[in-house]
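All remarks here apply to the structure that follows.
Because only heavy atoms are used, hydrogens play no part in the values below, and waters and symmetry mates are left out as well, while side chains stay in.
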Amino acid sequence: MNQDRIAGTLRRLPVQKRSAERFERLLDACAELLDEVGYAGLTTKEVARRAEVPIGTLYQFFSDREGLIGALAARNLESFLGRVADRLEREEPEGIPGIVDVTVDEFVTMRRTITGFGVVDFGAVGQDHILEPTLDNNTAVAGRLRSLTASLIGVQDDAEFEIAVRVALECADSVLQLAFRVDPLGDARLIAECKRVLNSYLNDRRR
């Protein structure tokens with residue numbers, strides 16, 4: 001996990017193997033409980049109990065519930081970016097449509113399969129600066145996606161591309177949230193429409 005990306009959300013990062021295992025168990029337990037009781041029902045006491053970790057150990061890593069949620073969101077983002085990067089390297093998709101397909105498909109797959117992801121993906125309701133203290137969550141995610149995709153699309157990572165990715169991400173976020181409200185597994189028609197909107201917008205911005 002990138003320490004710079006989670007600055008301000010943790011008291012400390014684990015160093016030794018045993019500490020790292022406990023840290024991951026706490027995040028896993030947090031994700032499980034989010035699916036079971038939701039964000040409002042989550043408590044640090046129950047996370048520690050589920051992870052079979054002393055509550056004092058939890059507070060060695062996390063200052064509070066929000067710090068725990070922030071670390072889970074950061075882990076989700078790193079996992080998402082890793083999955084996207086692996087597929088882009090492996091499949092070498094051509095142009096914007098291929099990159100859009102990979103990015104949206106990996107998000108949808110994580111939403112369908114990753115515990116707790118439907119409640120906390122890369123942020124949480126009411127926590128707009130959970131990934132970066134000076135950036136809202138979507139801006140932070142957009143910045144990471146820009147770095148990953150600019151060269152593949154064949155554009156400079158400049159102010160114009162920054163705006164384009166930021167707007168595209170906001171559109172995708174809204175449409176995909178709708179897709180999963182309509183169908184717990186994600187409405188296929190709305191997911192397809194999300195891709196169509198992103199392709200149309202991003203291709204138009206390249207002209």
Side-chain angles (χ1 to χ4, degrees), residues 1-84 106-145 166 169-170 172-181 184-186:
M1 190 176 292
N2 188 321
Q3 185 170 4
D4 291 339
R5 296 290 167 190
I6 53 177
T9 67
L10 297 180
R11 281 182 165 160
R12 71 177 180 88
L13 284 166
V15 177
Q16 298 181 342
K17 180 179 178 181
R18 184 184 178 193
S19 293
E21 289 172 349
R22 287 183 167 187
F23 184 89
E24 292 300 321
R25 286 214 310 273
L26 286 164
L27 295 185
D28 291 342
C30 177
E32 291 172 5
L33 286 164
L34 285 170
D35 272 352
E36 294 173 16
V37 303
Y39 180 76
L42 186 76
T43 66
T44 54
K45 181 179 179 180
E46 185 58 22
V47 169
R49 189 197 68 78
R50 176 69 64 91
E52 299 181 340
V53 168
I55 189 68
T57 299
L58 183 149
Y59 285 117
Q60 287 178 10
F61 297 122
F62 312 104
S63 58
D64 50 23
R65 184 182 71 158
E66 283 63 41
L68 182 64
I69 292 293
L72 179 62
R75 186 175 76 169
N76 285 342
L77 177 57
E78 295 302 325
S79 177
F80 170 69
L81 293 169
R83 292 167 67 119
V84 170
E106 287 305 319
F107 180 89
V108 169
T109 298
M110 290 184 70
R111 179 67 186 263
R112 289 171 174 167
T113 61
I114 301 299
T115 304
F117 196 78
V119 183
V120 172
D121 45 27
F122 313 130
V125 175
Q127 293 194 55
D128 295 331
H129 295 77
I130 205 167
L131 295 169
E132 298 275 4
T134 60
L135 300 175
D136 67 83
N137 298 329
N138 277 357
T139 299
V141 175
R144 301 293 299 281
L145 285 173
R166 186 71 174 84
L169 183 63
E170 290 292 341
D173 189 26
S174 295
V175 177
L176 291 174
Q177 283 187 38
L178 175 61
F180 282 93
R181 285 201 303 271
L185 293 177

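Listed for the Arg65 side chain is a donor-acceptor partner under 3.5 Å among the backbone atoms of Tyr39. In this structure, the side chain of Thr139 does not engage the main chain of Leu135 through any donor-acceptor pair within 3.5 Å. Side-chain atoms of Asn137 come within 3.5 Å of backbone atoms of Ile130 as a donor-acceptor pair (strictly under, hydrogens ignored).
The two residues Cys30 and Leu42 make their nearest non-hydrogen contact at SG-CD2, 3.8 Å. In this structure, Val120 and Ala73 approach most closely via the heavy-atom pair CG1-CB, 4.0 Å. Nearest heavy atom pair, residue Leu169 against residue Asn138, reads CD2-O, 3.0 Å. The shortest non-hydrogen separation linking Leu131 to Leu77 is CD1-CD2, 3.9 Å. When all heavy atoms are compared, the tightest approach of Leu27 to Ala71 is CD2-CB, 3.9 Å.
A distance of 12.0 Å separates CD of Glu24 from OG of Ser19, quoted to the nearest 0.5 Å. Summarising the geometry, atom CE belonging to Met110 is positioned 9.0 Å from atom CG belonging to Asp121; distances are rounded to the nearest 0.5 Å. Atom CG of Leu68 sits about 10.0 Å away from atom OG of Ser63, to the nearest 0.5 Å. Rounding to the nearest 0.5 Å places CZ of Arg50 at 10.5 Å from OG1 of Thr43.
Counting only heavy atoms from C-beta outward, the side chains of Val53 and Val47 never approach each other to under 4.5 Å. You'll find the side chain of Leu34 reaches within 4.5 Å of the side chain of Ile69, heavy atoms only. Between Val108 and Leu185 the shortest side-chain heavy-atom distance does not fall below 4.5 Å. For the pair Arg181 and Leu178, the minimum side-chain heavy-atom distance is below 4.5 Å.
Salt bridge annotation for Arg83-Glu78: absent, with no cationic side-chain nitrogen under 4.0 angstrom from a carboxylate oxygen. Under 4.0 Å is where a charged nitrogen must lie from a carboxylate oxygen, and between Glu46 and Arg49 at least one such pair does. The existence of a salt bridge linking Arg144 and Glu132 is excluded, since no basic side-chain nitrogen approaches an acidic carboxylate oxygen closer than 4.0 Å.
Checked against ring-ring contact (aromatic ring centres under 6.0 Å, His included), Phe117 has the following partners two or more places apart in sequence or in another chain: Phe107, Phe122. Every residue two or more places apart in sequence or in another chain was checked for a side-chain hydrogen bond (donor to acceptor under 3.5 Å, both in side chains) with Asp35, and none qualifies. Arg22 meets the side-chain hydrogen bond (donor to acceptor under 3.5 Å, both in side chains) test with Thr57; sequence neighbours excluded. For the side-chain hydrogen bond (donor to acceptor under 3.5 Å, both in side chains) test, no residue two or more places apart in sequence or in another chain qualifies with Arg25. The side-chain hydrogen bond (donor to acceptor under 3.5 Å, both in side chains) search around Asn76 returns none, not counting sequence neighbours.
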Apply side chain to side chain contact (heavy atoms under 4.5 Å, CB included) to the pair Phe80 and Leu145, showing each step before the final yes or no.
CA-CA 10 Å; Phe80 170 69; Leu145 285 173; 4.0 Å; yes
Test Arg75 against Asp28 for side chain to side chain contact (heavy atoms under 4.5 Å, CB included), laying out the working first.
CA-CA 10 Å; Arg75 186 175 76 169; Asp28 291 342; 2.9 Å; yes
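Residues in residues 108-119 take part in no side-chain hydrogen bond (donor to acceptor under 3.5 Å, both in side chains) pair, two or more places apart or across chains.
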